[in-house]
Amino acid sequence: MRYPKEVVLKDCQEAVIRPLEKADELRLRQFYAAVPEDDRWYMRYDVLDPAVIRKWIDGIGGGTVYSIVALCRDDIVAHASLHMRGYGCTSHVGRLRIMVLPDFRHKRLGTWMLLDLIQLAMEKGLRDLRADFVVGVEDAAIESAYKLDFFKKAVLEGYVKDPRGKRYDMMIMTKRLHKDWGDF
Ligand SMILES: CC(C)(COP(=O)(O)OP(=O)(O)OC[C@H]1O[C@@H](n2cnc3c(N)ncnc32)[C@H](O)[C@@H]1OP(=O)(O)O)[C@@H](O)C(=O)NCCC(=O)NCCS
């Protein structure tokens with residue numbers, strides 16, 4: 001993958017996609033501070049905790065998480081990551097996470113970033129990708145996953161709670177990877 005990569009969004013705005021760098025710590029904190037609370041609730045970590053962001057920055061180059069960011073005028077506007085286990089019975093499976101700032105949604109930025117991570121997963125020799133989504137909350141993400149040939153693998157009924165305690169199903173989606181795009 002050649003970075004930095006300039007992409008033109010649906011509304012002709014330009015963004016640059018590149019790997020997360022050690023120097024991005026403050027920018028990444030500012031990015032997550034701008035993510036709505038409702039979206040942050042469904043993340044696995046408290047991204048407002050500077051120690052969480054520090055850990056992610058320290059993990060750069062560690063070989064198990066590969067993060068890319070999209071920047072617009074030097075601000076991070078999206079962050080996506082591929083998580084690998086590196087050992088054992090699920091070492092062939094990568095997991096994807098993505099967050100795009102509300103003002104930058106529906107402009108294809110999510111698609112550009114996910115395509116990069118899918119290609120990277122293929123280059124790393126992974127055979128499956130997995131992403132978990134909250135049904136009724138992350139429907140936009142489910143829709144974009146279907147478009148990228150992810151399929152519904154399982155549903156954990158009532159597994160997730162919203163901030164008010166209402167339960168939602170969690171859907172596990174997976175995608176089979178081929179050795180290269182030419183296999184399609
Ligand atoms: C899900 C998310 C990453 C999508 O990013 P994005 O940059 O807006 O996505 P794109 O513009 O590339 O859209 C890709 C497809 O997603 C679907 N989509 C996007 N927003 C949608 C919405 N509000 N409702 C329904 N479908 C939607 C569409 O199918 C779209 O394709 P189209 O433009 O051809 O119609 C973004 O909405 C987000 O960050 N959401 C909050 C965090 C989240 O849910 N993360 C997923 C957990 S891993």
Side-chain angles (χ1 to χ4, degrees), residues 1 5-18 20 24 27-48 52-53 56 59 64-73 75-85 90 93-121 126 128-156 159-163 166-175 177:
M1 209 92 55
K5 180 192 272 186
E6 278 177 29
V7 292
V8 179
L9 306 180
K10 234 174 175 177
D11 58 359
C12 294
Q13 218 173 348
E14 281 178 20
V16 171
I17 298 174
R18 63 158 171 77
L20 182 70
D24 287 327
R27 275 192 210 96
L28 196 61
R29 274 167 54 182
Q30 287 166 341
F31 165 74
Y32 278 111
V35 169
E37 197 182 340
D38 278 354
D39 289 339
R40 275 190 276 110
W41 176 259
Y42 298 96
M43 296 188 67
R44 286 170 66 91
Y45 299 96
D46 176 7
V47 286
L48 292 190
V52 167
I53 303 295
W56 290 357
T64 53
V65 182
Y66 186 84
S67 269
I68 55 175
V69 287
L71 294 104
C72 210
R73 281 178 247 96
D75 291 324
I76 294 179
V77 297
H79 176 211
S81 46
L82 170 69
H83 301 247
M84 293 163 282
R85 299 213 37 106
T90 55
V93 183
R95 296 178 72 144
L96 291 179
R97 304 212 182 103
I98 180 160
M99 181 63 73
V100 178
L101 281 189
D103 282 355
F104 288 83
R105 291 179 192 169
H106 323 303
K107 298 171 192 244
R108 294 274 153 77
L109 190 52
T111 302
W112 283 111
M113 296 179 84
L114 290 172
L115 283 172
D116 273 15
L117 291 183
I118 291 169
Q119 190 179 340
L120 178 79
L126 298 178
D128 295 272
L129 281 175
R130 167 178 169 171
D132 300 355
F133 303 107
V134 183
V135 180
V137 175
E138 296 177 330
D139 291 346
I142 292 172
E143 206 51 49
S144 59
Y146 275 124
K147 288 210 167 143
L148 293 169
D149 288 328
F150 278 78
F151 290 94
K152 177 161 103 178
K153 195 74 173 177
V155 175
L156 305 181
Y159 188 73
V160 172
K161 282 184 182 175
D162 75 7
K166 186 178 169 202
R167 286 184 180 266
Y168 289 86
D169 294 349
M170 175 176 273
M171 181 151 91
I172 298 171
M173 296 183 81
T174 60
K175 175 184 169 67
L177 296 176

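Remember, it's 1-based here, ligands and their atoms both numbered in the order they're listed. Note that the coordinates shown come from a computational prediction; the quantities given were computed from them, not determined experimentally.
Geometrically, ligand 1 and Lys10 share a nitrogen or oxygen pair separated by less than 3.5 Å. Considering backbone and side-chain N/O of Ala141, none are found under 3.5 Å from N/O of ligand 1. Ligand 1 has no nitrogen or oxygen under 3.5 angstrom from a nitrogen or oxygen of Asp139. Polar contact with ligand 1: present for Lys107 (N/O pair, distance under 3.5 Å). An N or O contact shorter than 3.5 Å links Val100 to ligand 1 by distance.
Under the 4.5 Å side-chain criterion, counting only non-hydrogen atoms from C-beta, Leu129 is not in contact with Val93. The side-chain heavy atoms of Tyr45 and Arg40, taken from C-beta on, include no pair separated by under 4.5 Å.
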>> Checking Tyr66 against His83 for the side-chain hydrogen bond (donor to acceptor under 3.5 Å, both in side chains) test, could you report, in this order, the C-alpha distance in whole Å, the side-chain angles of both residues, the deciding distance, and whether it holds?
In response: CA-CA 7 Å; Tyr66 186 84; His83 301 247; over 6 Å; no
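Set against the non-hydrogen atoms of Ile98, the atoms of ligand 1 under 4.0 Å away are 3 (C), 42 (C), 43 (C), 45 (N), 46 (C), 48 (S). Each of the atoms 10 (P), 11 (O), 12 (O), 32 (P), 33 (O), 34 (O) of ligand 1 lies under 4.0 Å from some heavy atom of Arg108.
Nearest heavy-atom pair, Ala121 versus Leu177, reported as atom, atom and distance to 0.1 Å: CB-CD1, 3.7 Å.
Considering only non-hydrogen protein atoms, atom 16 (O) of ligand 1 sits nearest to Ser144 CB, 3.0 Å. Among all protein heavy atoms, the one lying closest to atom 42 (C) of ligand 1 is Met99 SD, 3.5 Å. The protein atom (non-hydrogen) at minimum distance from atom 44 (O) of ligand 1 is Glu138 CG, 3.6 Å. Protein heavy atom closest to atom 13 (O) of ligand 1, with residue, atom name and distance, is Thr111 OG1, 4.0 Å.
For atom 4 (C) of ligand 1, no protein heavy-atom neighbour is found at a distance under 4.0 Å. For atom 1 (C) of ligand 1, a protein non-hydrogen atom is found at a distance below 4.0 Å.
Distance CE/Met173 to CG/Asp149: 10.0 Å, rounded to 0.5 Å. Note: Asp39 CG to Tyr32 OH = 10.5 Å, rounded to the nearest 0.5 Å. Note: Ser144 OG to Leu114 CG = 6.0 Å, rounded to the nearest 0.5 Å. Rounding to the nearest 0.5 angstrom, the gap separating the CG atom in Leu109 from the SG atom in Cys72 is 8.5 Å.
Considering only non-hydrogen atoms, atom 18 (N) of ligand 1 lies nearest to Ala140 out of Ala145, Ala140, Ala80, Gly110. Among Arg105, Arg97, His106, the residue whose heavy atom lies nearest to atom 19 (C) of ligand 1 is His106.
With a 4.0 Å cut-off on non-hydrogen atoms, Lys147 touches ligand 1 through its side chain and not its backbone.
When the shell of 6.0 Å around CZ of Arg105 is examined, it contains more than 12 heavy atoms from other residues, nucleotides or ligands. For Trp112, the CH2 atom counts as loosely surrounded, since its 6.0 Å shell holds 12 or fewer non-hydrogen atoms of other residues, nucleotides or ligands.
Residue contacts with ligand 1: Met113 is excluded, as none of its non-hydrogen atoms falls under 4.0 Å.
The only member of Asp132, Val135, Val134, Asp139 that meets side-chain contact (heavy atoms from CB on, under 4.5 Å) when paired with Met171 is Val135.
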